[in-house]
Visitor: 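Can you read through this structure? Questions will come right after.
Just the heavy atoms: all of them, side chains too, but no hydrogens, waters or symmetry mates, feed the values below. Computed from a prediction, not measured in an experiment: that's the story for all the values here. Reminder, nothing fancy here: chain letters follow the sequence lines and each chain counts from 1.
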Number of protein chains: 2
Amino acid sequence: MKKPQINKRSLGVNFGADGLAQIAVWAPLVKQISVVVDEKKLDLPLKGEDYGYWTLTTDKIQPGDRYMFNLDGEKQRPDPASLSQPESVHGPSEALDISTFNWTDALWTNHKQDAYIIYELHIGTFTPEGTFDAAITKLDHLVEVGITAVEIMPVAQFPGGRNWGYDGVLPYAVQDTYGGPEGLMRLVDACHAKGLAVVLDVVYNHLGPEGNYFNDFGAYFTDKYHTPWGNAINFDDAWCDAVRLYYIENALIWFRDFHIDALRMDAVHAIKDLSPTHVLKEIKQHVDELMALTSRKYHLIAELDLNDPVYINSLNNNGYGIDLQWIDEFHHALRVTAGEPQTGYYSDFTGIDHLAKTYRDAYVFDGIYSPHRLKTFGASASKNKGNQFIVFSQNHDQVGNRMLGERTSTLVSFEMQKLMAAAVMCSPYIPMLFMGEEWAETNPFQYFISHTDDELVEAVRKGRKEEFKAFHAEGETPDPQSEDTFNRSKLQWQLLTQPRHKEMLEYYKTLINLRVNHKALRELNRENLSVTADAGKKILMLQRWHEDEKICCVLNFSDSVQQVDLPENN
Amino acid sequence: MKKPQINKRSLGVNFGADGLAQIAVWAPLVKQISVVVDEKKLDLPLKGEDYGYWTLTTDKIQPGDRYMFNLDGEKQRPDPASLSQPESVHGPSEALDISTFNWTDALWTNHKQDAYIIYELHIGTFTPEGTFDAAITKLDHLVEVGITAVEIMPVAQFPGGRNWGYDGVLPYAVQDTYGGPEGLMRLVDACHAKGLAVVLDVVYNHLGPEGNYFNDFGAYFTDKYHTPWGNAINFDDAWCDAVRLYYIENALIWFRDFHIDALRMDAVHAIKDLSPTHVLKEIKQHVDELMALTSRKYHLIAELDLNDPVYINSLNNNGYGIDLQWIDEFHHALRVTAGEPQTGYYSDFTGIDHLAKTYRDAYVFDGIYSPHRLKTFGASASKNKGNQFIVFSQNHDQVGNRMLGERTSTLVSFEMQKLMAAAVMCSPYIPMLFMGEEWAETNPFQYFISHTDDELVEAVRKGRKEEFKAFHAEGETPDPQSEDTFNRSKLQWQLLTQPRHKEMLEYYKTLINLRVNHKALRELNRENLSVTADAGKKILMLQRWHEDEKICCVLNFSDSVQQVDLPENN
């Protein structure tokens, strides 16, 4: 079987040192396949290889050429491993020599995961221009705040120019409207120059609904498993080897060719794989090989809704070896403590007692019954280190999955926002901010799309209305397809000139400064931690220590001034 | 959450020491439920408890009463945890006090798994009468052959009187036409009196198509996973706790209440469970607790088509703790070596080289590409002991899944049958025979059913014809619903009076005797083994040793007499 290649891309169109184009595509069910370049009137047949691969080495295709694959003379399709789609998802792929980018980050060293202070941003709405290059102009701001890692929401090519990124259909291609692959490289290079690590959000659990031509090539999907997006990506059914290779090599390109420092893998619980080696484990094994090759350090982060430490246990402890995971339960417990109504998934959370539990145990549901899920849920993560968990008081999902996409800034008081930030920053976990949070941005982050298929647009609109029909009293569901919805979701950088927003920014800076400069906060040792919650007073007392330093954080979630006795030896 | 109970049944109708009937049923979605006894004109409402359980303790129901559950006053259904269905799958359940059986096996001790020589039998066709009591009359024969464990194909209640057992729909109820629960107890007791352990085949991956009323009670199924039988049994979706409890307690009743010595769990690869603790692991944990309680030893056996040692690794080695598994690949390699055409699943097997590999590695596909499955398949089981693998030259599936259900006796020569038996018996694994094999039974074992739903019968007939349409030149697919098909599949005990059949029987006895009396064969140590295959000569040489004893088995699969050099130090 063809094995994933560590040192360079093996799929799509690539250029060797000899300048020849090396083309490889997996399409086991077609009878013939050729590469077509309309501008050059080229139609070059590929040669069938073992296991359904087709290859060609040619001097006729050059960087910049726009090509399609012609399947059985019947269908012209973009390259599944395309790096660039200058005419979006239905158009031709652009041949690129990614080895020619002028990197200036040779001296860059990735931060240890303990030092990550993550800032999640969405390229399209982070700046008025919505591009990688525009984002570069804001990096100084992030450095000033104390951020150490920028997390970019998915950039895989999606239709149109407005999308959170989870509707990407070409996992190797960087969104044209953001600035394409070179734009991303420029941003990463600039981040490294400023001391910022870059986390890229990647989606290995589904493809978007428009422009997904995978089924024309091969069995990328299986009906063995159902996910919220339909049939699961095929990681363990017939033909899965090539699909696994496709995603394993996808993880490698970001690290190797785009100098990304960490991948945040979306909803890995929807990656269904019952083979002896879970594909996440295989990704980790290959990333380890790449690290050995490049002498760089890369982190793997999972969004995981399973509370199952097997994902984050090390390879030699029978785990999948993922370095970190998002802890939504910390968020949920914190939000309920801060007054969020206990409806929907918040209904499982009691508030301050659960918040106290997550400081100790990371998972709230660690083998106990979850009324919302109607089952016993989770397992204990007591043997995992604090630096394996990422916590936040909001993120794109928790904001954007509300009907109106409100940030906490418009839901809770100014002081409560500060308290929530402190709850995150004083935790023994890795903190993450959602863009604009640091100045209490008031614009929402709403759900937006720009599909070009009218029926699909209608279906999404309808689905969105259906999802929030219980909330109709609170207003109209914003139209996801409308450009207004997108524009309304952009950050208002001008707010930074206003006193209250400035005050919040200063508060965040101070908080991060505190965390970074106190080893009792900085060392993510869950052993050296004690937490007590007084549900009546709504006060949580968190003590953390390291060597000779001890810090006591008193979090008062009530509306009133309260008297508390500090621990004696403080 | 309600936890599985170790010391007694917690579901269905049970009788306490006080003689009162204790009734419990899980039905989370009904508004009211009552127990109905028509003969007594009883209709007693149950009381709703936490997590969707309903209970009642009453003196009005006695052992022998036939009862149904009345759901919301709309549907009368048999008890999902019924032990007895005297009027088959659609009729009422029979209340039973299973504690009153007169066991005589107090001195019985289960064999170690190493000592198992298993005999797989189907109650309906093992004897002319097709009952547990008739089977008792044949136990002396099994003891004479040298069998140490009887494996009974599934006995869970199915419609009519003719079925392999995999269409059972009431997993706690023992088939009425076989003799019901007391009949099974008598057979187990008799086996123990003769020194025979009893393995029971249980089906935890699906329910049969007729008489499955589970959906009227609760979410026993989930559409998250698809299996060959439709939606998977719900082991990890909402409401799964009760479904897990149902199957965990099912495993316990056979050991505790029926004195079964080992469970053979059907096709566990179709048990889909992505929760942190796989339900098979949880079954093992509870069986361990039961062993501590009863001071008896119980074995768990899996039919597993995944070649993934996680299933058979011990609990403290992150495994599911299943003691043994069937190795179909040994069978496939052996059959191809013996001349079976390489079609269908046999197409993956080259013959003698693969047979040699299974002697060493158990799994042929241990991480290599499988052309038939179109993917890389399996993982190495090199760290597992020989006593964890069960091998055979035929079994109910390998015989019955042929269009005409031919045994090897009508497919290969008399001498080849002997050679195949030797290949099994000299292996470092646990051997299993399929009933009648020991005398070269010539009757087939065909696929038979006795559904009462005409449409279903037609669908099964059609499916069967469809499955074998490529083989139409070989004859007509037998009608699965016909009583002739069933009768044709019965053993012909009278063959034992004929010389050739006697000869085969003697051969099997001798072979088993050899194995039992030579520690080099009996000790299932895969380290002390060397195997070489000569594909040209079709000769396999297997050497096994233990302490001072060394045995060399020369297996000549060719049609001719051949000269071989024995290893020097033999």
Visitor: Please state whether the side chain, the backbone, both or neither of A/Tyr369 comes within less than 4.5 Å of a heavy atom of chain B.
Guide: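 Answer is side chain: those atoms of A/Tyr369 sit under 4.5 Å from chain B.
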Visitor: Determine, using ring centers only, whether B/Phe349 and B/Phe365 are less than 6.0 Å apart.
Guide: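 Yes, the ring of B/Phe365 comes within the 6.0 Å limit of the ring of B/Phe349, centre to centre.
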Visitor: How would you list all residue pairs meeting side-chain hydrogen bond (donor to acceptor under 3.5 Å, both in side chains) that involve residues 318-327 of chain A, not counting sequence neighbours?
Guide: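 Every pair satisfying side-chain hydrogen bond (donor to acceptor under 3.5 Å, both in side chains) with a residue in residues 318-327 of chain A: A/Gln325-A/Tyr363.
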Visitor: For B/Lys3 and B/Ser10, which I'm curious about, is there any donor-acceptor pair between the side chains at under 3.5 Å?
Guide: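 Judged by distance alone, the side chains do not pair up.
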Visitor: Which atoms of B/Phe377 are under 4.5 Å from chain A, going by heavy atoms: the side chain, the backbone, both sets, or neither?
Guide: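 Nothing of B/Phe377, per the 4.5 Å heavy-atom cut-off to chain A.
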Visitor: Going by heavy atoms in the side chains, are B/Asp348 and B/Glu329 under 4.5 Å from each other?
Guide: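 They are not in side-chain contact.
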Visitor: So with a 6.0 Å cut-off around NZ of B/Lys224, is the heavy-atom count from everything else above 12?
Guide: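 Correct, the count exceeds 12.
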Visitor: Taking the six-membered ring for Trp, is the centroid-to-centroid distance between A/Tyr204 and A/Phe235 below 6.0 Å?
Guide: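 No, the ring of A/Tyr204 stays outside the 6.0 Å limit from the ring of A/Phe235, centre to centre.
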Visitor: List for me each residue that meets side-chain hydrogen bond (donor to acceptor under 3.5 Å, both in side chains) alongside B/His332, sequence neighbours excluded, and say none if there are none.
Guide: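 side-chain hydrogen bond (donor to acceptor under 3.5 Å, both in side chains) list for B/His332, sorted by chain: empty.
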Visitor: Less than 4.0 angstrom from a charged side-chain N to a carboxylate O is my criterion; do A/Arg526 and A/Asp361 meet it?
Guide: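 Salt bridge between A/Arg526 and A/Asp361, a charged N being under 4.0 Å from a carboxylate O: no.
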Visitor: Taking A/Lys47 first and then A/Glu49, would you say they form a salt bridge - that is, a charged N and a carboxylate O separated by under 4.0 Å?
Guide: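 A salt bridge is present here (some side-chain N lies under 4.0 Å from a carboxylate O).
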Visitor: Can you list the residues of residues 241-252 of chain B that sit under 4.5 Å from chain A, counting heavy atoms only?
Guide: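 From residues 241-252 of chain B, the residues near chain A are B/Asp241.
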Visitor: Using a cut-off of under 4.5 Å for heavy-atom pairs, which of A/Asp236, A/Ile368, A/Thr222 has the most such pairs with chain B?
Guide: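 Of the candidates given, the most pairs with chain B belong to A/Asp236.
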Visitor: Using a cut-off of under 4.5 Å for heavy-atom pairs, which of A/Leu306, A/Asn317, A/Asp237 has the most such pairs with chain B?
Guide: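 That would be A/Asp237.
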Visitor: Quick check: under 4.5 Å, non-hydrogen atoms only, which of residues 273-288 of chain B neighbour chain A?
Guide: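 The stretch touches chain A at B/Leu274, B/Ser275, B/Pro276.
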Visitor: For the ring pair A/Trp26 and A/Tyr220, is the centre-to-centre distance below 6.0 Å?
Guide: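 Yes, close enough.
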Visitor: Between A/His226 and A/Asn231, is any pair of side-chain heavy atoms under 4.5 Å apart?
Guide: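 Answer yes - side chains close enough.
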